[in-house]
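Report on one structure; see the data block that follows.
Reminder, nothing fancy here: chain letters follow the sequence lines and each chain counts from 1.
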2 protein chains.
Amino acid sequence: MNLRQLSEQLGLSQTTVSRALNGYPEVSEATRLRVQAAAKAANYTPNSRARKLATGRSMAIGHVIPLSGKEELVNPIFADFITGAGGVYAREGYDLLLSMVPLEGVEDAYRQMATNASVDGVMVQAPKLDDPRIALLQDLELPFVVHGRTAEPAGYSWLDVANARAFRRATDLLLDLGHRRISLLNGQETLDFALRRRRGFEEAMAARGVPVNPAFMHSAAMTEQYGHRTASALLDQDDAPTAFLVSSIITAIGVRRAAGERGLRTGRDISIICHDDVLSYMANDGINAPEGPAFTATRSSIRAAGERCAEMLLALIDNPSQPPLQELWETDLSLGRSTGPAPS
Amino acid sequence: MNLRQLSEQLGLSQTTVSRALNGYPEVSEATRLRVQAAAKAANYTPNSRARKLATGRSMAIGHVIPLSGKEELVNPIFADFITGAGGVYAREGYDLLLSMVPLEGVEDAYRQMATNASVDGVMVQAPKLDDPRIALLQDLELPFVVHGRTAEPAGYSWLDVANARAFRRATDLLLDLGHRRISLLNGQETLDFALRRRRGFEEAMAARGVPVNPAFMHSAAMTEQYGHRTASALLDQDDAPTAFLVSSIITAIGVRRAAGERGLRTGRDISIICHDDVLSYMANDGINAPEGPAFTATRSSIRAAGERCAEMLLALIDNPSQPPLQELWETDLSLGRSTGPAPS
DNA sequence: TTGAAAGCGTTACCAA
DNA sequence: TTGGTAACGCTTTCAA
């Protein structure tokens, strides 16, 4: 059953039927009801391909996931974010087009999405300090929203959490608890959010006049191995850190393992504050069951960010001329068993 | 630049240009080359929407990910599988349509994909013993391939690993190492693969005449918490298990934690064999750095399965009348530090 | 080997 | 408020 058949059956023109079904105002209420009833009875659904051709819109949003070998979709942030965004797309009648490509193919993927107009907009995740994707998408005139931001976050739409502030507060808390030898296990500092976190840490330390030991600051892809190796080395030296500020729960699990191997109990002998609990389902609601530290990026907050970013993107698509949308989200700080006063 | 403009510029008909570009045989080689050169020079790309309307194909594959609250895309198996499949789709000119819906909305998602023909086929992951999706998709006449299989794996296309055999071999190995008190921490046994694994375990035990302690067999969603809680309880009792056979590395991490809390060293006091190392990047190449047990479902094998499933699906779409494709993959067994002889 | 023209099923413009 | 009709840009059938 297509539009022509339905309109013939009703004795109306295709135009009128189309208008009735699409909520155009200029159709009388009586015919609208009649048309809607007939459509329902006939189980009519408009052909999406024809509609896309006619409107020139593809009713799809593109997500391009770079496969760096380490991060990719397995990155639970990506997954939770997409979950949130996907729900909004579905509700608004948009499809989610997922493109997983090697790191070096990302730009081509966007280019292709633009040239064959297979999407109406794209989402950008995990931006670097100066991310080439931004300029490319502006150049391609493809509407986009960034989860996170770059060093120069002007002229485009983004949503980010206040990373610097979050790490400042976490550092303050550790200092309040008497810790002085604090180690920062950060993510790759080519990523914008990692640098902001580091700045927050350094600012808080400086504000109290506590010197930062450069050997205590590390930056790498946030694997468990990284946490285990780095913490192992640090804990084996004299004047080892009494606290760790860790950027990802995966890495924190490695830290916890290193501590356990040395007979150190978290929350007593060493303290851990972890930025996210996005793997809570995996790591037992934090890094120390059952009340681990959950700080900043809970799973539900990541999902909420995905939802909001999707809404922003759809709004942008509906009205491309509007100014960029930018939102900065504050975070909560909640602590569990892994964090305690500095041992004397 | 569209087809009409290109054809006018060339002084040819749209028909000929279309044929030349799409590799139809009835066009002379001379004109084909001329057309291709002109298309390239003009940077012409066919409008995908128009092509889809004309051909009636959507050139897209659907993946529906149920959000059960626990598993979802975060499930690294899903992510790695999609990565592999996505690469094949891209190479063959297909889009990947991702639909993440609550568990109860899965069937509607498929129905919708079928009625508005937004995809040419769908992929099915993690089937239950008797999975309703199979009958539904057959009913909707939507081509599909299943990663895994059901209890009655006939009449549809699937690709699976030999789960029973894998667990039989792992159990044999533990028995050879002198273990008698072996615990199986399985996934949810409503999932087909979990039941096959259990059968493999039980068969191996029975073949040696070693009684299975029912209290040593557990089945649940494969979280870290599950591994930690269950192993904690088991290790605290008399005649605790000396070995654990675990269905997922996430759960194995919990087991390792429980062991560590009791001063037990894996590979010496207790042994762990884990089914997959899909989180290897996260758990340090296995559950005990650096040479953990990697057994069966390596990340790359999951990705390869995704690739093969995608190829099967595209073949099915090209030729819907062909008989179902079915592949059973054998697995390797490799061990690391977590596995050792039974303590005397 | 090439071309004209009829779809594909909508939406949207312009008249009535 | 309704209808006729021209897009939308391609593929495909039928003729030449």
Side-chain angles (χ1 to χ4, degrees), chain A residues 1-36 38-39 42-60 93-95 112 114-120 317-318, chain B residues 1-36 38-39 42-60 93-95 112 114-120 317-318:
Chain A
M1 171 70 78
N2 61 23
L3 187 63
R4 189 173 53 77
Q5 294 169 316
L6 182 63
S7 63
E8 281 168 2
Q9 177 187 307
L10 279 159
L12 288 168
S13 73
Q14 294 187 37
T15 313
T16 305
V17 175
S18 172
R19 284 198 274 235
L21 259 24
N22 290 301
Y24 281 65
E26 62 261 63
V27 62
S28 81
E29 211 46 40
T31 46
R32 162 160 292 136
L33 290 172
R34 197 160 66 92
V35 169
Q36 283 172 337
N43 210 1
Y44 166 78
T45 17
N47 180 304
S48 61
R49 283 187 284 263
R51 171 179 276 174
K52 285 169 189 170
L53 176 58
T55 58
R57 298 181 55 174
S58 48
M59 296 306 284
Y94 280 79
D95 287 329
Q112 203 177 342
T115 54
N116 64 15
S118 51
V119 299
D120 296 321
I317 288 168
D318 279 349
Chain B
M1 170 69 78
N2 62 25
L3 186 63
R4 190 173 51 77
Q5 293 169 315
L6 182 63
S7 64
E8 281 169 1
Q9 178 187 307
L10 279 160
L12 288 168
S13 71
Q14 294 188 37
T15 315
T16 304
V17 177
S18 171
R19 283 199 275 237
L21 258 23
N22 290 302
Y24 281 64
E26 61 263 61
V27 62
S28 82
E29 211 47 39
T31 47
R32 161 160 292 135
L33 290 172
R34 196 162 67 93
V35 169
Q36 284 172 337
N43 211 358
Y44 166 77
T45 17
N47 179 304
S48 60
R49 283 188 284 264
R51 173 180 274 174
K52 285 171 190 170
L53 176 59
T55 58
R57 297 181 56 172
S58 49
M59 296 304 284
Y94 281 79
D95 286 330
Q112 201 177 344
T115 53
N116 65 12
S118 51
V119 299
D120 296 323
I317 288 168
D318 279 349

Worked verdict on B:Asn2 versus B:Asn47 for side-chain contact (heavy atoms from CB on, under 4.5 Å): CA-CA 8 Å; B:Asn2 62 25; B:Asn47 179 304; over 6 Å; no
Between C:dG7 (C1') and A:Asn47 (CG): distance, integer Å: 13 Å
Length of the CZ-P vector between A:Arg57 and C:dT10, whole Å: 18 Å
Nearest-0.5 Å distance, CG of residue A:Asp95 to CG of residue B:Asp95: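 Rounded to the nearest 0.5 Å, the CG-CG separation comes out at 10.0 Å.
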Rounded distance [0.5 Å steps], CD in A:Glu26 versus OG1 in A:Thr16: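 One finds 9.0 Å between CD of A:Glu26 and OG1 of A:Thr16.
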Test side-chain contact (heavy atoms from CB on, under 4.5 Å) applied to A:Thr15 and A:Arg19, step by step: CA-CA 6 Å; A:Thr15 313; A:Arg19 284 198 274 235; 3.2 Å; yes
Touch class at under 4.0 angstrom, heavy-atom based, for A:Ser48 against every strand present: nothing
B:Glu26 or B:Leu53, whichever maps to the more 5' nucleotide of DNA chain C: B:Glu26
Please report the shortest heavy-atom distance between [X] and [Y], naming the atom on each side.
| X | Y | result |
| --- | --- | --- |
| A:Ile317 | A:Arg57 | CG2-NH2, 3.7 Å |
| B:Ala38 | B:Leu10 | CB-CD2, 3.7 Å |
| B:Arg51 | B:Pro46 | NH2-CG, 3.5 Å |

Are [X] and [N] close enough that a side-chain N or O sits under 4.0 Å from OP1 or OP2?
| X | N | result |
| --- | --- | --- |
| A:Tyr44 | C:dT10 | yes |
| B:Ser28 | C:dT2 | yes |
| B:Ser13 | C:dG3 | yes |

Polar atoms only, N or O, under 3.5 Å: list the protein pairs with nucleotides 12-16 of chain C and their distances.
from	atom 1	to	atom 2	distance (Å)
C:dA12	OP2	A:Tyr24	OH	2.5
C:dA12	N6	A:Thr15	OG1	3.0

Check against side-chain contact (heavy atoms from CB on, under 4.5 Å), B:Arg32 and B:Glu29: CA-CA 5 Å; B:Arg32 161 160 292 135; B:Glu29 211 47 39; 3.7 Å; yes
Sub-4.5 Å side-chain heavy-atom contact between B:Val35 and B:Val27: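 B:Val35 does not reach B:Val27 side chain to side chain.
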B:Gln5 side chain reached by B:Gln9 side chain, heavy atoms, under 4.5 Å: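 Contact flag for B:Gln9/B:Gln5 side chains = no.
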Interface limits on DNA chain D, where chain B has a heavy atom under 4.0 Å of a nucleotide atom: D:dG9 to D:dT13
Those residues of residues 2-12 of chain A lying under 4.0 Å from DNA chain C by at least one heavy atom: A:Asn2, A:Leu3
Residue that, paired with A:Ser118, satisfies side chain to side chain donor-acceptor pair (under 3.5 Å) out of A:Asn116, A:Thr115, A:Asp120: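 With A:Ser118 as partner, side chain to side chain donor-acceptor pair (under 3.5 Å) holds for just one option, A:Asn116.
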